[in-house]
Amino acid sequence: MAHVEGEDKRKLLDWDALEVGEMFDTFSYVLTQQMIDDFRKGVQDPEAAFPTISGKVDTVQYHVRYRDSGSVNARCCFQFYNPPVAGKRITVQSWIADKYARRGKNYICTEAVSVDEDGRLLDRVITHELKQPSEVGKKWEK
């Protein structure tokens, strides 16, 4: 979860009021060759084509805006379309894609998409989070 110094001014999550389609702040930056090189070094692949871009924004934006009892990643899907190009501005938009209850547990689905300054779709990430982390492990309790 996002670390907040001092008074926590984030909104307390109200499950019923949370709206599917709620947009988060747009994130934009110029991708440098150094960023790509650092990514390749980190994954130990000197030719890695796809640094994860959207994945750095999707749930982060949610946790910047809301506070709740925590979450557990229930599922995450990354889709890569075009390799990013150094020197191009990348814009990432994220939003609440869905909310649902399954077996009495609440889930939130966030989605983020990144495009470059030429409008090329780079990647997409869809993350489902269980919003009751205390439920994890209960099925093994006796």
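L31 and V115 fall into different hydrophobic clusters, defined by Ile, Leu, Val, Met, Phe, Trp and Tyr side-chain heavy atoms under 4.5 Å apart, directly or through other members. M23 and V64 fall into different hydrophobic clusters, where Ile, Leu, Val, Met, Phe, Trp and Tyr side chains are chained together by heavy-atom contacts under 4.5 Å. No chain of hydrophobic side-chain contacts below 4.5 Å, direct or via other Ile, Leu, Val, Met, Phe, Trp or Tyr residues, connects V92 to L121. Under the 4.5 Å side-chain heavy-atom criterion for ILVMFWY residues, no single connected hydrophobic cluster contains both V113 and F24. A chain of hydrophobic side-chain contacts below 4.5 Å, direct or via other Ile, Leu, Val, Met, Phe, Trp or Tyr residues, connects M35 to I90.
Side-chain atoms of R10 come within 3.5 Å of backbone N or O of H63 as a donor-acceptor pair. Side chain of Q61 to main chain of D25: a donor-acceptor pair is present (N/O by atom type, distance under 3.5 Å, no hydrogens or angles).
In terms of heavy atoms, L18 sits closest to K99 at O-NZ, 2.8 Å. The two residues W95 and G21 come nearest to each other via the heavy atoms CB-O, 4.4 Å. Among all heavy-atom pairs drawn from R120 and N82, the shortest one is NH1-CB, 3.3 Å. Residues F80 and D123 come closest through the heavy atom pair CD2-CB, 3.9 Å. In this structure, G104 and Q132 approach most closely via the heavy-atom pair O-NE2, 4.3 Å. Shortest non-hydrogen contact noted between P84 and I36 is O-CD1, 4.4 Å.
Inter-residue side-chain proximity for F27 and T91 is flagged as unmet; no heavy-atom pair is nearer than 4.5 Å. Between I96 and T110 there is a side-chain heavy-atom pair separated by less than 4.5 Å. At a threshold of 4.5 Å between non-hydrogen side-chain atoms, the residues R67 and K11 do not count as touching.
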Q. Step by step, would you call E22 with R65 a side-chain contact (heavy atoms from CB on, under 4.5 Å)?
A. CA-CA 11 Å; E22 177 182 347; R65 186 172 295 173; 2.6 Å; yes
Report task. Take R40 and E47, measure what salt bridge (Lys or Arg N to Asp or Glu O under 4.0 Å) needs, and give me the verdict at the end. Result -> CA-CA 7 Å; R40 288 174 173 166; E47 297 180 26; over 6 Å; no
Inset, instruction - Evaluate the salt bridge (Lys or Arg N to Asp or Glu O under 4.0 Å) criterion for residues E129 and R75: first the C-alpha distance (whole Å), next the side-chain angles of each, then the deciding distance (0.1 Å), finally the verdict. - result: CA-CA 7 Å; E129 291 186 302; R75 176 178 20 174; over 6 Å; no
List the steps and the verdict of side-chain contact (heavy atoms from CB on, under 4.5 Å) for I108 and L13.
CA-CA 11 Å; I108 292 175; L13 175 64; 3.9 Å; yes
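For K41, the NZ atom sits in a loose shell: 12 or fewer heavy atoms of surrounding residues, nucleotides or ligands are nearer than 6.0 Å. Open room surrounds CD on Q44; 12 or fewer heavy atoms of other groups in view lie less than 6.0 Å from it.
Using a 3.5 Å distance cut-off with no hydrogens or angles, the side chains of Y62 and D68 do pair a donor with an acceptor.
Interatomic distance, CD1 of I126 versus SG of C109, reported as 6.0 Å (0.5 Å rounding). Rounded to the nearest 0.5 Å, atoms SG (C76) and NE2 (H128) are 8.5 Å apart. A distance of 10.5 Å separates CG in N106 from OH in Y100, rounded to the nearest 0.5 Å. If you take OG on S94 and CZ on R124, they are separated by 12.5 Å, rounding to the nearest 0.5 Å.
Applying the salt bridge (charged side-chain N to carboxylate O under 4.0 Å, His left out) definition to pairs two or more places apart or across chains, those involving residues 84-97 are K88-D118.
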